[in-house]
Amino acid sequence: MGESRTVGTEGDIVLDGPDVRREHIRVNLGAEGWTVSPAGENPVSVNGQVVGEAHPLADGDWISLGTTLFQVSLPGQSPLGYQPPITRRTAATRRARPQPGVLTIGRLPECDLAIPSPLVSREHARLYCEPSGVEIEDLGSTNGTFVNGQRLIGRMRLNQDDRIAIASFFFLFTGEALEPIDLSGQVRVEVCGLYKDVIDRASKTPKRLLDDLNLVIEPGEFVVIFGTSGSGKSTLLDALNGRRPATGGNVFYNGADLYACFDSFRASIGYVPQQDIVHRKITVRNALQYTASLRLPPDTSKREVGEYIDRVLDQVGLAEKSYSPIDTPAPLSGGQLKRVSLAVELVANPHILFLDEVTSGLDAGTDKRMMKLFADLALDKKTVVCVTHTLENIDVCHLVILLHQGKLVYFGPPGEAAEYFGVKRLSDVYDLLEGSPAERWAQQYRASEFYRRYVEERMRVDSTRQASPHSAATLQMLKPHASWFDWRQAGTLMRRYLDLILSDRKNLLILLLQAPLIAVVIGLVFNTEGHLAVRAAAESQIAFILVLSAIWFGTLNSARELVKELPIYLRERSVNLGLTPYLISKLLPLAALCLIQCTLLLGLVSIMLAMPGSFAERLATLFCAGLAASCMGLAVSAFVDSNDKAVAMAPILLIPQMVLSNAVVRLGEAGLWVAKCSMVSYWALDAMKSTLSVDSRTVRDMSGQLIVPVSGVFGQDLAMVSVLGILFLGLAVLGLKLKDRRK
């Protein structure tokens, strides 16, 4: 005689879960034991194997119903004992160890535990259910698998009450089941006793920018931060998103300490700074395409990326501008440009979005449309936090945070703020706050009904919430997890850089015309015929000008390339950008450009003037000099903070290359030491001279000195040029590392 039961939210055996249907599966007891089968077309797998018909069950098997994963216990033939995610088996009922099985977690619907989010890789992680216990392994996912806030490398054993994060989706391992804590991806922010101390640059004394802040932001809320000048608005925003951690107190995301578990939330945090984070010379769609390639898992198909981009463009109202260049020939308006910056962040589908004065400088109508857009994003269950100075349109947000001298003086609905302070217009509150000490306003708020309703009643007493015992300043939370070199990332960055170069055709034409123009001038001015001594002197001068020209090309090509996209670099670096792919993506196109310039320069000069010697060796010399100069320009660009400073540094770099080349004046002992240690021109010119004919290198002047002195060997000279280039590249890395502190 058989026995049959249905399992689901309204079945014979009730099982709760986000994807569990009313009657999800059927379990049957027959002559050969228990079997399980799906009720209808509901997704079911046993020990990682998709089940389409009756499948035998054994004690300890793992069953997945969509995203609900649990283990069965069969201590006897009847009744059937299920252990749903919210239940733990006692030692008395644990009679058998789990049966071996492999369960896959990922974005694909075929996965045993499917999470349909672009932040999740197709096959993100695996669970190994062994008789000895359960182990978890990350499958090289882009956004990582985290156990108790630490990124998983390889495979590890799970212990009871371990918290597992797949991208930003959280589970609790009960010892018997993987219990979904949050599969919505929504983020709840809880701030407890937050403060921020810095050293005042003028007085050299400690200064408190934020002082004992407590507040709660629920998922799907749109919250605006405003306040008096210097009140700590951006400081609070950056403390909430982890870019600049607070000195003390805690910021919890879904009960997890943000600073201790930052890596697990990194991919789910969107941040739009006041400065634009898009390149202006490419089309809107291409800008989103490159961002998607950098941030989404590498197994994301082109079709999926296209769908994400189309959805985002519809969200921000830029679908009709999809193939329009951002800057030229018909520039986007200020509001549209801000929407592109917003779209760049939305393409990876972040669950919490921080906006730092993104409506600054916009007209009233555009500001209103932007604020309405932010409110619509909150309706899409995103937590949105925005800093603004404009108060005309904050009525569309759910709550406002008002700061004064680093203290919280109001947190509540915007429509009730004016009445709370007793002013007719909310903008009048600024003058009112300046009239009394900030501590008085903070105490008044803590004693108010608003504090009780919007802070105290919303604070959770959560036994699973644990604050990090470490100081926020000591956490290595701002270092993105990246391998030493990511070919996919480097390829994406290089395609974007080439797109930028080719889209600015006027600038590219100017760069390419420099070489022919200089070559023509050299050909018109110099004459390499006549007496041997005269010819040798002319060839030496030509070699000097060729080397300086190559150094000029390399320096000017690269001196602005890093600093001009600094806001974009800082944003991408805070997500997952690697330094090595970034520099390689700049260096290779610059090397190609330098090679073209040097080839045009030397080719035309060789056609116009007779200079016996190896063309290949001379081209190699010019290319090495130009490439080393490109590295020098990148180093300068990494240390300065504006385009103007980068351009101003060019003469400071080029004039010493000319003076210390050992061509203008004979260098003394000290000058020679400096030239050998730091001047590309010294070694490159010596290499170029060694390519001249033997007659030119051996002829002497009236005083008996060589007209073309050569102090080294060609190969050694080029090696020294390469060493200097590597040193400059190392300086560029150092400069970018220092820039990382601004994230």
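Keep in mind that the numbers below use all heavy atoms, side chains included, and drop hydrogens, waters and symmetry copies.
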Review point. Crowded around E529 CD? As in, over 12 foreign heavy atoms under 6.0 Å?
Key: no

Check your understanding: Excluding sequence neighbours, so at least two apart, what forms side-chain contact (heavy atoms from CB on, under 4.5 Å) with T528?
Key -> R535, E539, I542, L609, A610, M611

Review point. Does K676 count as lying over the ring of Y682, i.e. NZ or CZ under 6.0 Å from the six-ring centre, within 45 degrees of the axis?
Key: no

Practice item. Scan D367, T388, T359, V224 and name whichever one has a side-chain contact (heavy atoms from CB on, under 4.5 Å) with N393. Key: D367

Review point. Would you call R285 and D310 a salt bridge, using N to O less than 4.0 angstrom?
Key: yes

Exercise for review: With sequence neighbours excluded, give me every salt bridge (Lys or Arg N to Asp or Glu O under 4.0 Å) pair touching residues 293-306.
Suggested key: R107-D299, R107-E304, R122-E304, R295-E345, R303-E307

Practice item. Mind telling me whether Y582 and Y569 have parallel, tilted or perpendicular rings, with 30° and 60° as the class edges? Key: tilted

Point to revise | Carboxylate-amine/guanidinium contact K372 D376, below 4.0 Å | key: yes

Check your understanding: Do L493 and Y497 have side chains that get closer than 4.5 Å, going by heavy atoms?
Key -> no

Check your understanding: L355 pairs by side-chain contact (heavy atoms from CB on, under 4.5 Å) with which of V385, L377, I225, V272?
Key -> V272

Check your understanding: Can you find a heavy atom in the side chain of T555 that is under 4.5 Å from one in the side chain of M632?
Key -> yes

Review point. Is the shortest heavy-atom distance from the side chain of L353 to the side chain of L346 under 4.5 Å?
Key: yes

